[in-house]
Engineer: 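My questions all concern the structure below.
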Amino acid sequence: MTDRIRVVVVDDHPLVLRGTCDTIAEAPDLEVVGRGENGDQALALAESLQPDVLVLDVHMPGRDGVSVVRELASRPGP
């Protein structure tokens, strides 16, 4: 068996967050390793957990998904 794809999900709507995480968890090759509610949490989770995939809400209060992607893209790679 191959390694599972590690996913972090961030959404400010609790029902969407839970539903997305539950749906991803049903896939045998995916694993939800973190969840957050805003852009600042997304950045912290991305840094600390180093997931393979980030699933981000585009519209969140404060730092939105697009600004999170821009911030992560501007950082030096491994």
Engineer: Is it possible for you to say whether V55 and V16 belong to one hydrophobic cluster, with membership spreading through side-chain heavy-atom contacts below 4.5 Å?
Structural biologist: no

Engineer: To the nearest 0.5 Å, tell me how far D3 CG sits from E31 CD.
Structural biologist: 10.0 Å

Engineer: So do the side chains of V33 and V7 get within less than 4.5 Å of each other, counting heavy atoms only?
Structural biologist: no

Engineer: With sequence neighbours excluded, tell me which residues meet side chain to side chain donor-acceptor pair (under 3.5 Å) with T23.
Structural biologist: none

Engineer: Run the side chain to side chain contact (heavy atoms under 4.5 Å, CB included) test against V69 and tell me which residues pass, sequence neighbours left out.
Structural biologist: L56

Engineer: Of all residues at least two apart in sequence or in a different chain, which pass the side chain to side chain contact (heavy atoms under 4.5 Å, CB included) check with A44?
Structural biologist: none

Engineer: Any chance you could pull the hydrophobic cluster mates of V66, using side-chain heavy atoms under 4.5 angstrom and chaining through other members?
Structural biologist: V58

Engineer: What is the minimum heavy-atom distance between V10 and A42, and which atoms define it?
Structural biologist: CG2-CB, 3.7 Å

Engineer: In Å, rounded to the nearest 0.5 Å, how long is the span from CG of D29 to CD1 of I24?
Structural biologist: 11.0 Å

Engineer: Sub-3.5 Å donor-acceptor pair from the side chain of R4 to the main-chain atoms of V32, do we have one?
Structural biologist: no

Engineer: Under the side-chain hydrogen bond (donor to acceptor under 3.5 Å, both in side chains) definition, can you give me all pairs with a residue in residues 10-21, not counting sequence neighbours?
Structural biologist: D11-H13

Engineer: How far does CG of L30 sit from SG of C21, to the nearest 0.5 angstrom?
Structural biologist: 11.5 Å

Engineer: Enumerate the residue pairs fulfilling salt bridge (charged side-chain N to carboxylate O under 4.0 Å, His left out) with a member in residues 47-58, sequence neighbours excluded, ordered by first and then second residue.
Structural biologist: E47-R75

Engineer: I need the full list of side-chain hydrogen bond (donor to acceptor under 3.5 Å, both in side chains) pairs touching residues 34-43, with sequence neighbours left out, sorted by first then second residue.
Structural biologist: D40-R63

Engineer: Does a side-chain heavy-atom distance below 4.5 Å link V8 with V53?
Structural biologist: no

Engineer: How far apart are the closest heavy atoms of P51 and A46, and which atoms are they?
Structural biologist: CD-O, 3.7 Å

Engineer: With a 4.5 Å cut-off on side-chain heavy-atom distances among I, L, V, M, F, W and Y, is there a chain of contacts connecting V9 to L43?
Structural biologist: no

